[in-house]
Protein chains: 2
Amino acid sequence: MKNHTETHTSHTRVPVSECSLAKAIRAVGDTWSLLILREVICGAERFDQIREDLGITRSVLSNRLARLVQEGILERYQYRDSGQRARKGYALTAKGHALFPVVIALREWGGEHLEPGNTPLRLQLQTRDGLRVETKLIREDGLEVTDMTDIIATVKE
Amino acid sequence: MKNHTETHTSHTRVPVSECSLAKAIRAVGDTWSLLILREVICGAERFDQIREDLGITRSVLSNRLARLVQEGILERYQYRDSGQRARKGYALTAKGHALFPVVIALREWGGEHLEPGNTPLRLQLQTRDGLRVETKLIREDGLEVTDMTDIIATVKE
DNA sequence: ACCCTGAGTCTTTATTAAAGACTCAGGTGG
DNA sequence: CCACCTGAGTCTTTAATAAAGACTCAGGGT
């Protein structure tokens with residue numbers, strides 16, 4: 001436990017009910033939703049495929065998928081592999097795709113702070129022509145922020 | 001429900017137990033942890049302050065804080081406001097600060113996709129000298145990715 | 001010495017998730 | 001055409017988590 005006596009920053013109060021960040025966390029920040037999005041991003045589009053990969057129960061998966069569809073993050077579609085019967089799948093909508101920065105940032109954080117050192121296979125997020133994609137924090141003036149302790153929360157009005 | 005017959009991308013299988021992204025989601029992707037981090041970022045460092053802001057119960061807050069400290073995302077410290085008794089607070093560690101890209105990306109997504117139009121007060125994340133900070137997806141070659149549908153998941157080895 | 005407050009723990013009740021049996025519709029094979 | 005398989009769920013029961021709120025305990029203040 002560090003022991004600092006410097007004046008600490010004052011509390012920026014934005015009620016949870018009016019905060020975009022809190023709403024976003026409420027929308028996708030639960031135990032399963034982000035993992036389901038990961039599955040869809042990885043190309044698991046069928047119910048049972050997602051269920052097997054995640055080890056989630058049918059009822060919970062059913063609920064979460066319905067919620068994600070209802071929130072406009074996922075959408076359902078039908079497809080048919082040649083010689084197979086028609087099946088239903090889930091795919092990202094534009095709103096769902098807009099979560100990529102969140103997912104990629106999480107992936108980066110996990111890779112840098114949760115791996116014991118030598119991790120075998122790492123999920124990679126890249127463009128279709130194979131270029132790696134990463135998140136950067138860019139200031140209004142175009143410069144990159146590297147020191148996170150320089151960032152603070154304020155209330156804009 | 002759209003009805004596409006184009007060949008869908010194949011499934012990129014990375015077991016959840018070996019995936020940095022899944023681990024990151026496991027670590028902070030639950031109902032309360034991210035909201036608690038939001039509080040700390042906003043300067044709410046005391047137990048009861050966080051509890052009041054979030055409406056979380058004491059026992060759950062206690063558990064989550066302990067977990068976040070144990071995971072090295074938060075740390076405890078003591079401080080004393082002038083004329084007040086010493087108190088304990090929670091602050092982000094370097095590992096916790098490294099989650100800023102995730103938080104900022106969530107904040108952006110919430111602001112763009114969850115707000116009904118005219119939202120009164122919006123939490124702003126900026127540098128100490130008042131410059132707004134935003135996340136960008138940058139490709140290996142330095143160009144920004146604007147079309148999210150161009151991003152796919154692969155397994156790197 | 002007594003009281004207040006911050007920072008919890010403990011106990012009871014309500015919600016949510018897990019496990020796994022059951023349903024139902026669209027095809028497939030005979 | 002009929003029986004059967006499979007994907008995509010629902011339903012029921014049991015276990016785990018969270019909510020509500022009383023209780024504890026230590027450090028100051030008066």
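Every chain is numbered from 1 and lettered A, B, ... according to where its sequence line falls, protein lines coming before strand lines.
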Distance, rounded to the nearest Å, where B:Glu45 contributes CD and C:dA7 contributes C1': 15 Å

Could you list the residues that satisfy side-chain contact (heavy atoms from CB on, under 4.5 Å) with A:Glu134, not counting sequence neighbours? A:Glu108, A:Arg132, A:Lys136

For A:Phe47 and D:dT10, give me the distance from atom CZ to atom C1', rounded to whole Å. 9 Å

Quick one: are B:Ile104 and A:Ile151 in side-chain contact, heavy atoms under 4.5 Å? yes

Rounding to a whole Å, what distance do you find between B:Arg51:CZ and C:dT9:C1'? 14 Å

With a 4.5 Å cut-off on side-chain heavy-atom distances among I, L, V, M, F, W and Y, is there a chain of contacts connecting A:Phe100 to B:Ile138? no

Nearest-Å distance, OH (B:Tyr79) to C1' (D:dG27)? 15 Å

Of the candidate nucleotides C:dA7, C:dG27, D:dG7, which contains the atom at the shortest distance from the side chain of A:Asp48? D:dG7

Under a 4.0 Å heavy-atom cutoff, the residues of residues 53-70 of chain B touching DNA chain C are B:Arg58, B:Ser59, B:Ser62

Rounding to a whole Å, what distance do you find between B:Trp32:CH2 and C:dT16:C1'? 14 Å

Length of the line joining B:Arg80:CZ and D:dG29:C1', which is rounded to integer Å: 12 Å

Do any side-chain nitrogens or oxygens of B:Tyr90 fall under 4.0 Å of OP1 or OP2 in C:dG6? no

For atom NZ of B:Lys88 and atom C1' of D:dG28, their distance in whole Å: 14 Å

Applying a 4.0 Å non-hydrogen cut-off, can you work out what B:Arg87 is touching in the nucleic acid: base, sugar-phosphate, or nothing? sugar-phosphate

